[in-house]
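Below you'll find the structure, written out as structure tokens, and then a few comments.
Note on naming: letters A, B, ... go to the chains in the order of the sequence lines (proteins, then strands), and numbering restarts at 1 for each one. Since the structure is predicted, the reported quantities are computational estimates derived from the model, not experimental observations.
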There are 2 protein chains.
Amino acid sequence: MSQGKKRKNSGRVTLADVAKLAGVGSMTVSRALRTPDLVSTGLREKIDAAVAQLGYLPNKAAGALASSQSDIIAVILPSLTEFATNEIVLALKGVLEPAGYQLIFTASNYDSQEEEKQVRALLQHSPAALILPGTAHTSQTLKYIENMSLPVVELSALTLTPVHINVGIDHHASAYQLTKFLYMKGYRQIGFIGAHTNFGRFAMRLAGWQKAMIDHDMASHRLVLGLSEVSFSVGAELLMDTLARWPDLDAVICGHSEIAAGLILEANKQGVKIPEQLAIATFEDPNLCNTLQPSLTTVDIPYAEVGREAAEALLQALITGNRDKVVKSLGFRVKTRAST
Amino acid sequence: MSQGKKRKNSGRVTLADVAKLAGVGSMTVSRALRTPDLVSTGLREKIDAAVAQLGYLPNKAAGALASSQSDIIAVILPSLTEFATNEIVLALKGVLEPAGYQLIFTASNYDSQEEEKQVRALLQHSPAALILPGTAHTSQTLKYIENMSLPVVELSALTLTPVHINVGIDHHASAYQLTKFLYMKGYRQIGFIGAHTNFGRFAMRLAGWQKAMIDHDMASHRLVLGLSEVSFSVGAELLMDTLARWPDLDAVICGHSEIAAGLILEANKQGVKIPEQLAIATFEDPNLCNTLQPSLTTVDIPYAEVGREAAEALLQALITGNRDKVVKSLGFRVKTRAST
DNA sequence: AATTGTGCTGATTGCGCTATCAGATAGCCC
DNA sequence: GGGCTATCTGATAGCGCAATCAGCACAATT
């Protein structure tokens, strides 16, 4: 027997096993798998056969270590359960997975401290790129990112100081436009209902509404903020409260479509006529908003496009190594439906 | 100058850098980070300071290679855009991330060939465990899994030949029960509308409906299968077709809640009275089904519980190293709403 | 006082792979 | 035929970390 090795190998099939079976050097196997053109046909076939016979799977951890390159792209989203998330995830996958990247997702729950934790965890996997929400980041987060010097994408919201690539929507403007739209329709007592309003795009929407109200000489004080989570039932609760508080309200903008949906369901129950007694408008989820009765006027936001554009810009940056700042603002439009 | 190294290091801060700054050996740093109790207080503090000063982040690829252990858990889901997915993902994250694991998700789109590709890609990251849909796997998939000898969870559907841990729902029985429920309510001409019916749980539901129809001496031929994707609009299209084809239909079970939703929306438009003219029942998505008017009778399926139970069983297997087969079937119940 | 622990630390080695470079072989030109 | 690419192959070293084990100081035991 040979004198015991200091450490036993993991038992996996390795490059060396394939090389031995094929009767070549392990470097040739490595090449045959990654750059087949550089290997002669004969050897390549022998190697492919050996790979198939052994069911060899490369160990990417070892590869990443040796080449300091990884095919992992880390994605942090604000939440995993929103319409926007779904659209963006599908778009990112659609572009990046065919290009050979593996995506890892986590959620920050609109909390920059939590985001920092996630960044710390994800960067340990040496990802090829990092995708985050286009919101404020902690200074530690920025330091980590700088240390790793990798391509970074900030998504969904536009930011004043982009790290690298920033693809998003001007949420402030979208709320402004929506408010203006209601103004044009003749509404004057326009309220705003939201929650989580200190975070991300919701804060921007609130500000956009306020600005529009002031610019058009309307009173901007009719504001209700739910304290708990965003959900149908919160919307339902808020309806009667709001009406009791401001009986003269003729329209309301909801920061989230879930809340708007809750409002409508409750209005139907209570016999409040939409839009005759109260017009409702909101953002984002066309599927939900079209399902409701009456259907809901929304600002349609092209999240799929946000994801696609971001992924494509990132791919460019990965290929060319170019780290110039890229900022792209995508449009939106008010989609009129029955609720206004 | 020293004679140039054969390869330059990646520029990252490494354990050795931290060690040098703290004036200790790198092995001590490694210990201080992973098993702080084994390091004396003085050194530990010096090391912590050095880590903070340098912003050191461990390289998990290197760690995984050295220890042949990884904190990655690979998850393959049938689809990323379904209610079930959302619930399961949140439940898995809720249990496994606090335990220190990092989840990677991909989708197989109900295609076992695609699943095989995903398994091949994911196993290259040497995950600590693999979570897949509890459906049939290709023989190559099984071979890969066997070679890696890692804990495996099959989720959502029960399988006849579990690889290891299998937590799921008896979808066949759920459809049987739902059909029986309609029978008890007095319906006799019960149809089934679906799509994707050759895959996963939808096939089981179809079979469950058929069995129940036969067992209760009802005619089991009123079946409509949409060819395209599952969506509201497909449901809308199918309604009038179905009614034209089988005017005597008094109830219909939809394999997917999206289709049921489409049916209801279209029925409202066309003036078809639900449930007077046609009762509708379906599965899964309580949020959607409660939002619709009339609300939809469903089989409620506790996907969150599926995810949680699976994650906990997996955690046990990871900790104890136990590879005994575990099969867990979770219950379901018919939730009566206005549509029946 | 000699022995045996006990607690802590660091040198060395190897995980499986790829970068690098040195050979080997074949083809080509003058 | 000798030199010279062009093309292919493999030996070696090292990526950053953790397993292993040896060493060392000091306490406890007899």
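Here the C1' atom of nucleotide dG16(C) and the CZ atom of Arg12(A) are 9 Å apart, to the nearest Å. Atoms NZ (Lys20(A)) and P (dA11(D)) sit 13 Å apart, rounded to a whole Å. In this entry the distance linking CE of Met27(A) with P of dA11(D) reads 12 Å, nearest Å. Note: CG (Leu33(A)) to C1' (dT18(C)) measures 12 Å, nearest angstrom. Atom NE2 of His125(B) is separated from atom P of dC15(C) by 22 Å (rounded to the nearest Å). Distance CD (Gln124(A)) to P (dC17(D)): 10 Å, rounded to an integer number of Å. Whole-Å rounding puts the Lys46(A) NZ to dG10(D) P distance at 9 Å. A straight line from CG of Asn59(B) to P of dC15(C) spans 18 Å, rounded to a whole angstrom.
Under the 3.5 Å distance criterion, with hydrogens and angles disregarded, no donor-acceptor pair is assigned to the side chains of Ser40(B) and Arg44(B). Judged by distance alone, the side chains of Ser126(B) and Arg12(A) do bring a donor and an acceptor atom under 3.5 Å apart. Side-chain contact of His164(B) with Glu154(B): a donor-acceptor pair under 3.5 Å is absent, judged by distance alone. A donor-acceptor pair shorter than 3.5 Å can be found between the side chains of Tyr110(B) and Arg201(B). There is a side-chain donor-acceptor pair under 3.5 Å between Thr106(B) and Gln118(B). Side-chain contact of Ser108(A) with Glu114(A): a donor-acceptor pair under 3.5 Å is absent, judged by distance alone.
At the phosphate of dA19(D), OP1 or OP2 sits under 4.0 Å from a side-chain N or O atom of Arg34(B). For Tyr56(B), a side-chain nitrogen or oxygen approaches OP1 or OP2 of dC17(D) to under 4.0 Å. Using a 4.0 Å cut-off, some side-chain N or O of Ser30(B) falls inside it from OP1 or OP2 of dA18(D).
Fit an axis to the five pairs at each end of the helix from dA1(C)-dT30(D) to dC30(C)-dG1(D) and the two axes sit 40° apart, to the nearest 10 degrees.
When all heavy atoms of Ser156(B) and Tyr303(B) are compared, the closest pair comes out as OG-CE2, 3.8 Å.
Of the two residues contacting DNA chain C, namely Val29(B) and Leu57(A), the nearest-nucleotide position lying further toward the 5' end is that of Val29(B).
Listed candidates were dA11(C), dC17(D), dC17(C). Nearest to the side chain of Ala66(B) is dC17(D). Comparing dA19(D), dG16(D), dA19(C) by their closest approach to the side chain of Ala62(B) singles out dG16(D).
Using a 4.0 Å cut-off between charged side-chain N and carboxylate O, Glu312(A) and Lys328(A) make no salt bridge.
Residue contacts for Leu15(B): at a heavy-atom cut-off of 4.0 Å it reaches the sugar-phosphate backbone alone, with no base atom in range.
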What N/O pairs connect the protein and nucleotides 7-9 of chain C at under 3.5 Å? Give each pair on its own line.
residue	atom	partner	partner atom	Å
dT9(C)	OP1	Ser40(B)	OG	2.6
dT9(C)	OP2	Ser40(B)	N	3.0

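A distance-only check finds no donor-acceptor pair linking the side chain of Asn109(B) to the backbone of Asp111(B) [under 3.5 Å].
Residues forming a side chain to side chain donor-acceptor pair (under 3.5 Å) with Lys93(B) (at least two apart in sequence, or on another chain): Glu97(B).
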